[in-house]
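We use all heavy atoms of the structure for the numbers below, so side chains are in, but hydrogens, waters and symmetry mates are not.
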Amino acid sequence: MEDFKIDTICPHSDFCGGCIHQGVPYEKQLSEKEKEVRRLLEANQVMPDRIDSIEGCPSRYGYRNKMEYTFGDFVKDGEMTLGMHRKKNFMSIVTVDQCQLVDPDFNVILAAVLEFCRERGYSFYHKKSHQGLMRNLILRKGVRTGEILVNIVTSSEPGFVEEEFVSMLQGLSLQNTLVGVLRTFNDSLADAVICQKLKVLWGRDYYVEKILGLTFHVSAFSFFQTNVEAVERLYSEALALVDSFEGKTAFDLYCGTGTISQVLALRAAKVLGIELVEEAVEAAKENAAANGLANCSFLAGDVFEVLQNVSEKPDVIVVDPPRVGIQPKALDQIISYGVPEIVYISCNPKTMAGNLKYMEYYGYHCRYLKPFDNFPMTKHTECIALLKKEKR
């Protein structure tokens with residue numbers, strides 16, 4: 001295959017495993033992602049009536065509003081690092097204090113936190129020995145509000161000086177506004193951020209974001225879209241696929257913190273959002289109340305199990321499943337309603353293609369599909385699709 005590699009502007013690209021397309025012209029990135037979506041559809045014998053060309057990202061750099069960094073070392077027993085896992089070497093951590101995909105303030109905070117920990121001789125948590133203090137740094141930002149939330153993840157080992165940490169962060173020269181500093185305690189053996197205890201060191205435990213005219217309080221571990229500007233466009237186009245929601249009851253399945261649900265509530269008569277993560281559902285309820293949306297409700301639990309106990313029937317269904325897609329039992333339940341239209345929003349074209357094939361067999365034909373590149377430089381592609389119930 002022809003080599004399209006060009007000089008890259010990212011100084012971390014030789015080692016960082018975060019971006020697989022660094023140095024590849026953006027037009028080539030879009031072409032390859034669209035080809036992969038079409039290949040997956042063809043492999044599953046899914047033939048939409050119309051496939052639009054992939055939509056590029058509004059901003060190719062600085063688009064991420066959340067980053068989860070890991071403490072470690074680049075070489076065994078080397079100096080502490082803070083950043084991303086190294087390519088093809090999961091145990092090695094690359095400091096990424098000049099990352100191009102985040103707000104410059106993220107790089108400032110990362111560098112300051114790393115220096116703070118090095119100066120005090122803090123240890124990092126070793127995945128094999130399960131000892132050490134520092135585990136992760138999570139940064140989140142409200143793009144529309146300029147609010148930043150800092151969450152330091154440590155084990156419960158003693159030694160971390162919370163007051164000095166907060167003071168250090170407050171003294172940084174940032175373009176955005178620091179609104180909260182949190183500490184998450186995690187003694188789990190799993191190599192993942194697991195919140196066993198959350199402590200507010202200063203400020204509040206959420207930041208504020210605005211999407212499509214609605215206001216959202218996003219807490220430390222709530223799921224929220226990583227690229228706000230791009231997802232506004234994606235949601236708008238996805239919901240525009242349905243001619244009208246007026247007077248209709250809409251189900252928003254896998255609703256997360258209810259972003260789509262609340263946008264739907266501005267158009268539909270009634271909206272029910274269902275989400276597995278209880279914290280996300282509580283956040284959705286609070287945000288809907290704050291936005292004055294009385295026609296939208298939320299239930300926590302597995303989509304299949306919750307739908308088994310819901311007596312109300314939808315007129316239209318919107319699904320935005322996780323990367324694993326929709327499981328067969330849930331798909332059967334969704335299909336059983338026989339609604340005329342289903343809007344499918346996907347963050348994984350591979351599982352989407354499999355789901356669309358399954359739904360085609362049961363009478364739902366894909367009328368329209370469009371891929372979106374919301375995450376330049378990475379492997380990820382989003383899609384929207386409109387499925388209509390065929391008369392037999």
Can Arg118 and Glu115 be said to form a salt bridge (charged side-chain N to carboxylate O under 4.0 Å, His left out), step by step? CA-CA 5 Å; Arg118 282 176 174 174; Glu115 182 181 6; over 6 Å; no
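- Atom CD in Glu282 sits 11.5 Å away from atom CG in Asn287 (nearest 0.5 Å).
- No side-chain donor from either of Asp191 and Tyr125 sits under 3.5 Å from a side-chain acceptor of the other.
- Ionic pairing of Lys28 and Glu32 is present here: one or more N-O contacts between side-chain nitrogen and carboxylate oxygen are shorter than 4.0 angstrom.
- A 4.5 Å side-chain heavy-atom check between Leu369 and Val46 finds every atom pair outside the cut-off.
- Residues Arg183 and Phe160 have side chains in contact (heavy-atom distance under 4.5 Å, counting atoms from C-beta outward).
- Side-chain contact between Phe224 and Ile211 is present, with at least one heavy-atom pair separated by less than 4.5 Å.
- By the 4.5 Å heavy-atom criterion applied to side chains, Lys33 and Pro371 are not counted as neighbours.
- In this structure, the side chains of Tyr69 and Leu139 come closer than 4.5 Å at one or more pairs of heavy atoms.
- The backbone N or O of Gln98 sits less than 3.5 Å from a side-chain atom of His12, completing a donor-acceptor pair.
- Within 6.0 Å of the CD atom in Glu246, the count of heavy atoms belonging to other residues, nucleotides or ligands does not exceed 12.
- If you chain together hydrophobic residues whose side chains sit under 4.5 Å apart, Leu331 and Met352 fall into the same group.
- A cation-pi arrangement is present between Lys197 and Phe185, with the terminal nitrogen or guanidinium carbon under 6.0 Å from the aromatic centre and inside a 45° cone about the axis.
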What side-chain donor-acceptor pairs closer than 3.5 Å can you find for residues 375-384, not counting sequence neighbours?
from, atom 1, to, atom 2, distance (Å)
Thr378, OG1, Phe375, O, 2.7
Thr378, OG1, His380, N, 3.3
His380, ND1, Arg323, NH1, 3.4

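- Put simply, the side chain of Leu169 does not reach to within 4.5 Å of the side chain of Trp202, judged on heavy atoms.
- Classification of Glu36 and Arg39 as a salt-bridged pair holds, one side-chain N sitting under 4.0 Å from a carboxylate O.
- When only modelled atom types and interatomic distance are considered, Asp105 and Asn176 share a side-chain donor-acceptor pair under 3.5 Å.
- Checking Ser219 against Glu279 by side-chain atom types alone, a donor-acceptor pair falls below 3.5 Å.
- Val108 and Val96 end up in the same hydrophobic cluster when Ile, Leu, Val, Met, Phe, Trp and Tyr side chains are linked at under 4.5 Å.
- Taking Ile, Leu, Val, Met, Phe, Trp and Tyr as members and joining any whose side-chain heavy atoms lie under 4.5 Å apart, directly or through other members, the hydrophobic cluster of Leu30 also contains Tyr26, Ile54.
- When hydrophobic clusters are built by joining Ile, Leu, Val, Met, Phe, Trp and Tyr residues whose side-chain heavy atoms come closer than 4.5 Å, directly or via intermediates, Leu299 is not grouped with Phe304.
- Ion pairing between a basic and an acidic side chain is recognised when a charged N comes within 4.0 Å of a carboxylate O; Glu42 and Arg38 show no such pairing.
- With Glu341 as reference, Val242 is the one residue of Val318, Leu387, Val242 to meet the side chain to side chain contact (heavy atoms under 4.5 Å, CB included) rule.
- Tracing side-chain contacts under 4.5 Å through hydrophobic residues (I, L, V, M, F, W, Y), one never reaches Tyr364 starting from Leu241; they form parts of separate clusters.
- Ile194 and Phe221 fall into different hydrophobic clusters, where Ile, Leu, Val, Met, Phe, Trp and Tyr residues are linked whenever their side-chain heavy atoms come under 4.5 Å apart, directly or through other members.
- Arg60 forms no cation-pi arrangement with Tyr63, by the criterion of a distance under 6.0 Å to the ring centre and an angle within 45° of the ring axis.
- The local environment of NZ in Lys389 is crowded, with over 12 non-hydrogen atoms from other residues, nucleotides or ligands closer than 6.0 Å.
- Taking 4.5 Å as the limit, some side-chain heavy atom of Tyr337 sits within range of a side-chain heavy atom of Phe251.
- Side-chain atoms of Ser53 and Glu34, non-hydrogen and from C-beta on, do get closer than 4.5 Å to each other.
- For NZ of Lys350, the number of neighbouring non-hydrogen atoms (other residues, nucleotides, ligands) closer than 6.0 Å is 12 at most.
- Relative orientation of the Phe165 and Phe116 rings is perpendicular, given thresholds of 30° and 60° on the angle between their planes.
- Listed here is the closest heavy atom pair of Ala268 and Asn295: O-ND2, 3.1 Å.
- The minimum heavy-atom distance linking Lys141 with Asp103 is given by the pair NZ-OD2, 2.6 Å.
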